[in-house]
Number of protein chains: 2
Amino acid sequence: MLAFDVYEDRCPTRMVLDRLADKWALLILDRLHDGPVRFNHLRRDIKGISQKVLSQTLKKLERDGLISRQVFATVPVTVEYGLTDLGRTLTDTVAALAHWAERNMDAVVAAQKAYDAAAR
Amino acid sequence: MLAFDVYEDRCPTRMVLDRLADKWALLILDRLHDGPVRFNHLRRDIKGISQKVLSQTLKKLERDGLISRQVFATVPVTVEYGLTDLGRTLTDTVAALAHWAERNMDAVVAAQKAYDAAAR
DNA sequence: CGGTATCCCGTTTGATACTG
DNA sequence: CAGTATCAAACGGGATACCG
């Protein structure tokens, strides 16, 4: 079980956990695992995210020190997002969570069907 | 990196990942790690969660086959929530994520201060 | 005890347009 | 290319009240 304070309201750990409990953040962190990616590339790769939400999420992750933003003075300007050292310490765990989802999605979908079939 | 389909919109893996990307769900799953817990006990332990949201989250987790709900015909009625076998396969990973948050919250908070100090 | 129903409001999101 | 600005619409979540 987790440390006691994780269950406390307004503790720093909970704030961090809150930030990680975001599907876009998890997908972005994982997508950056292989190296830096540009803004619109990320936007295209992560299907369904809007420009606005991608921008907001990247800003939060940068503020948390998990990703870095590097601007290149090309015309037009190019921006690359990559993991920081801190961010890299997290990707294995994120990948583990996502891989659980990949491995067990069939079981989850089956459970949902069984639950729904029980007619609530 | 994750399998390609994780980045696809409306894929089952993403649905599962969405569900896990919920701070309350993560806290509940972890809290049930040591054994079944009653509704109001859970409500008291996980500070800040409302009755409504706890009820909703438990229902979703039960539908996903991650937790089980057992009703005892006492007066008044008693309800215990516990992990299913499927749920138990997930708790280690959830704990890893939360422990990362515990270990690295100082670094994250420091990064936030540095970012904010840079005056945006 | 363990919920559900209702109202209501703040936050989030999507769509669209615009800019350095 | 990589964003920001703005507005409306949708959603989630808190407060409260009530029920088996």
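In the text below, chain A, chain B and the rest are named by the order of the sequence lines, each starting its count at 1. Given the structure is predicted, the values throughout are model-derived calculations rather than measurements.
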Picking from [options], which would you name as closest to the side chain of [X]?
X: B/R38; options: D/dT4, C/dG2, C/dT4; value: C/dG2
X: B/Q56; options: C/dG2, D/dG13, D/dA2; value: D/dG13
X: A/Y81; options: D/dG13, D/dA2, D/dG3; value: D/dG3
X: A/V53; options: D/dC1, C/dT13, C/dG2; value: C/dT13

Nearest whole angstrom, please: distance from the [atom2] of [N] to the [atom1] of [X].
X: B/K52; N: C/dG2; atom1: NZ; atom2: C1'; result: 16 Å
X: B/L54; N: D/dA15; atom1: CG; atom2: C1'; result: 16 Å
X: A/R69; N: D/dA2; atom1: CZ; atom2: P; result: 10 Å
X: B/Q51; N: D/dG12; atom1: CD; atom2: C1'; result: 17 Å
X: B/R43; N: C/dT4; atom1: CZ; atom2: P; result: 13 Å
X: B/F39; N: C/dG3; atom1: CZ; atom2: P; result: 5 Å
X: A/W24; N: C/dT13; atom1: CH2; atom2: C1'; result: 11 Å
X: B/I67; N: C/dG2; atom1: CD1; atom2: P; result: 14 Å

- Message: Measuring to OP1 and OP2 of D/dA2, would you say a side-chain N or O of A/S55 lies under 4.0 angstrom away?
- Response: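 False: A/S55 side-chain N/O out of range (4.0 Å or more) of D/dA2 OP1/OP2.
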
- Is B/S50 near enough to D/dG14 that one of its side-chain N or O atoms lies under 4.0 angstrom from OP1 or OP2?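 Yes, because at least one side-chain N or O of B/S50 sits under 4.0 Å from OP1 or OP2 of D/dG14.
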
Look at [X] together with [Y] and state whether they make a salt bridge at an N to O cut-off of under 4.0 Å.
X: B/E80; Y: B/R38; result: no
X: A/K23; Y: B/D22; result: no
X: B/D85; Y: B/R88; result: yes

- Note on the structure: Double-helix bend of the helix from C/dC1-D/dG20 to C/dG20-D/dC1, axes at both ends from 5 pairs, round to 10°, gives 60°

- Task: Output yes when a side-chain donor or acceptor of B/H41 lies under 3.5 Å from a complementary backbone atom of B/V37, and no otherwise.
- Result: no

- Query: Can you tell me if CZ on A/F72 sees more than 12 non-hydrogen neighbours from other groups inside 6.0 Å?
  - Reply: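 Correct, the count exceeds 12.
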
- Message: Let me spell it out: for each of A/P76 and A/K59, pick the nucleotide of DNA chain D with the closest heavy atom. Which residue's pick is nearer the 5' end?
- Response: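 The 5'-side residue here is A/P76.
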
- Item | Nearest heavy atoms of A/T13 and B/M105, plus distance in Å |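 Shortest heavy-atom contact: OG1-SD, 3.1 Å.
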
- Message: Assess, by modelled atom type and distance only, whether the side chains of A/Y7 and B/D30 contain a donor and an acceptor separated by less than 3.5 Å.
- Response: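 A donor-acceptor contact under 3.5 Å links the two side chains.
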
- Please work out if A/V77 contacts a base, only the sugar-phosphate, or nothing of the nucleic acid, heavy-atom cut-off 4.0 Å. base

- Identify, between B/H41 and A/I49, the residue whose nearest nucleotide on DNA chain C lies closer to the 5' end.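 Counting from the 5' end, the first nearest nucleotide belongs to B/H41.
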
